[in-house]
Amino acid sequence: MDNMDVAALLEDLAVLLELKGENPFKTRAYTNGARVIENLTTPIKNLVHEERLGELKGFGDALQSKVSELVRTGSMQYYEDLKQSIPKGWLEMLHLPGLGPKKVRLLHQELGIDDLSALKQACEADKVAAIKGFGPKSQQKILEGIQFREQYASHHRLDKALVMSQSLLEILRQWPEVIRSSEAGSLRRRKEILHDIDLLVSSRQPQIIIDAFTQLSSVEKILAKGDTKASVILQGGVQADLRVVEDQSFPFALAYFTGSKEHNIVMRRRAIERGLRLNEYGLFRSQEETRDMSLCVTCHEEADLFRALDLAYIPPELREDSGEFEAASNGEVPRLVEWTDMKGSLHNHSDWSDGRETLEDIVQESLEHGFEYWAITDHSASSFQANGLKPERLRAQISQIRDLNESLRQQGTGFQLLSGSEVDILSDGSLDYDDDLLGQLDIVVASIHQGFTQDKEQLTHRFIRAAQHPHVHMLGHLSGRLLLEREAYSIDHQSILEACASTGTWIELNANPYRLDLDWRWWKRARDMGVKCVINCDAHHRDHAAFLRLGAEHARKGWLRREDILNTLPLEDLKEALKTKRRMAGLLD
DNA sequence: GCCGTTTTCGGCCCGACTGTTTTCAGTCG
């Protein structure tokens, strides 16, 4: 049971407590505990065995004994009892708009409703509207919520949300009443999965903005509409929230609506500690509620707000209450990688396996993007479903790439194709090509494409064996997750990271928007262990070069700097880095 | 459930919006 498992269980526990109607601060204690463990750089089991859980912030007697029990025995009685006592359907009901823990429990008490289908029936039979505290509108809203869930997903991938938010912002920016505008919320924090799109604008005429926004042709349904705030469902089923504030309040509102919720709580606490009061309108020199801007600390930009709270500027991606406050108060906020630092991608496909373009097309595309290098790493023979290359075809490809590079050199482009393979890690952890052939490649990415059903121990062993191989430069899409489609397979991340750290094996950050794998939650720890990152497009199509930007943003969320990422290196330095592991194994001079 | 250089008990971030009430609770972010 690793840190992420423990954190996830505490998170579940908090939701159950909420449904139970427990004291919200008790609930928060468990949520906080989850966050602390998620951000721990040491394995939780070490702390348990050394009896040092009490050193963690927010860990009193209860959390210490419960987490200790969980780590030692693999389960927690308190959690199991709680889960037993709460019907499974309550969790689904909680996700409906307008239903919180109190109303879910009320539905159970009054009508014995414990799941969505019973709730739907009760609404259709007009029974819900009769409950005290509900009414016809609540009943209608619940019914629509259930229908919406049947029709659309409630969560969306970042890439899809980015496209929609960009086009909305372009529209908003054309309106003369709009002064400043920005994306906000989890989108601005670049979470990989989003519930909705948050937008913020400043204006002297909020009403005009709200009216125009709710009348956009892309709006399918208006969920809420007030003087300064509106929520809509866009075509395609994505929810978008717009908030309008006065321009003076814009930096405060931007910080506030960017969140995260946990980050904001700490920001407010810092304000209180300084005798100030922070909300979306300002940072006020008053403990009382006020909108009097003459009492507001002057801030033109978000950075001014952080400064007023004795903090360095915290990039939005880091605002998860995951160590950013400690870093920002000690002047240790890392200078995060920029997507423009990227020099190329080291894991990509061509029409030799399952990619779309020829090598010549790929060269042309790379030159247009201004990349310094681009690796061709087609599938190996065992991935026959992807037209994987048998050894003789790979040899032919190596030779063709050599010829292409020669003509590129004569043209003086400075660009180079690198020859490689995304070689399958077979069921026993061995590789799909022999060492002689692997040794002829510039780049070897080792990935798993079959045998997902093996248990955690076997899968972990496969990756570790691959990492120990002297010709393997990096492990590809480690967790195998496909966002909103396929769960990650079960692996022991910590052991794999340790194997990579000790062998000098890099780990890929696969920038395909379905993958974003390895996940940002692991990168800070990986970095601290000395594991280097490679941001790869895993391109199968010319459009996929754009993933590099998404990948760099995900890396930022994982606290990575330019120097943590191999493919920010210029070509010659990269070539040297590619030799290190082979040198260590005595395969090169 | 946690925490304390005002506190070992009484706090714990803050405001908009909705729907159901008649002054506000619940939800949401």
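Values reported hereafter were calculated over all heavy atoms of this structure, with side chains retained and with hydrogens, waters and symmetry mates removed.
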Give [X] one of three labels, base, sugar-phosphate or nothing, depending on what nucleic acid heavy atoms sit under 4.0 Å from its own.
X	answer
A:R105	nothing
A:N32	nothing
A:P136	sugar-phosphate
A:N264	nothing

When the [atom1] atoms of [M] and [N] are compared, how many Å lie between them, rounded to an integer?
N	M	atom1	result
B:dC2	B:dT7	P	22 Å
B:dT22	B:dT18	C1'	16 Å
B:dT21	B:dC17	C1'	15 Å
B:dC3	B:dT8	C1'	9 Å
B:dT20	B:dG26	P	14 Å
B:dT6	B:dG11	C1'	13 Å

Rounded to whole Å, how long is the line connecting atom [atom1] of [X] with atom [atom2] of [N]?
X	N	atom1	atom2	value
A:L13	B:dG1	CG	C1'	11 Å
A:Q140	B:dT18	CD	P	16 Å
A:R35	B:dC2	CZ	P	17 Å
A:K20	B:dG1	NZ	C1'	17 Å
A:R291	B:dC14	CZ	P	13 Å
A:D61	B:dC3	CG	C1'	12 Å
A:I272	B:dC12	CD1	P	8 Å
A:L278	B:dG15	CG	P	10 Å

Under 6.0 Å from the six-membered ring centre of [Y] and within 45° of its axis: does the NZ or CZ of [X] meet both?
X	Y	value
A:R307	A:Y313	no
A:K103	A:F134	yes
A:R277	A:F284	no

| said: Closest approach to the side chain of A:T228, judged atom by atom: which nucleotide of B:dT20, B:dC12, B:dC17 is it? | reply: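 Nearest to the side chain of A:T228 among the choices is B:dC17.
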| Where protein sits on nucleotides 24-29 of chain B, one letter per nucleotide: B base, S sugar-phosphate only, - none, heavy atoms under 4.0 Å | --SSSB
| So which nucleotide does B:dT8 pair with, by the Watson-Crick or G-U wobble rule with both distances under 3.5 Å? |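 B:dT8 is paired with nothing.
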| message | Is there a side-chain contact between A:T27 and the phosphate of B:dG1, meaning an N or O under 4.0 Å from OP1 or OP2? | response |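 A:T27 to B:dG1 OP1/OP2: no side-chain N or O under 4.0 Å.
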| request: Taking only the side-chain nitrogens and oxygens of A:Y281, find out if one of them lies under 4.0 Å from OP1 or OP2 of B:dG15. | output: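 No, because none of the side-chain N or O atoms of A:Y281 sits under 4.0 Å from OP1 or OP2 of B:dG15.
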| request: Kindly say whether A:A129 contributes a backbone atom to a donor-acceptor pair with the side chain of A:Q139 at under 3.5 angstrom? | output: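 Such a contact is found between A:Q139 side chain and A:A129 backbone.
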| Taking for each residue the nucleotide of DNA chain B with the nearest heavy atom, is it A:R243 or A:Q64 whose nucleotide lies nearer the 5' end? |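 Its nucleotide being nearer the 5' end, the pick is A:Q64.
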| said: I want to confirm an ordering. Mapping A:Q139 and A:N279 to their closest nucleotides on DNA chain B, which one lands closer to the 5' end? | reply: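 It is A:N279 whose nearest nucleotide is closer to the 5' end.
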Are the charged groups of [X] and [Y] less than 4.0 angstrom apart, N to O?
X	Y	answer
A:E324	A:R35	no
A:D2	A:K45	no
A:R556	A:E553	no

| said: Given A:E183, which partner from the list A:R243, A:R190, A:R173 fulfils the salt bridge (charged side-chain N to carboxylate O under 4.0 Å, His left out) test? | reply: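 Checked A:R243, A:R190, A:R173 against A:E183; only one passes salt bridge (charged side-chain N to carboxylate O under 4.0 Å, His left out): A:R190.
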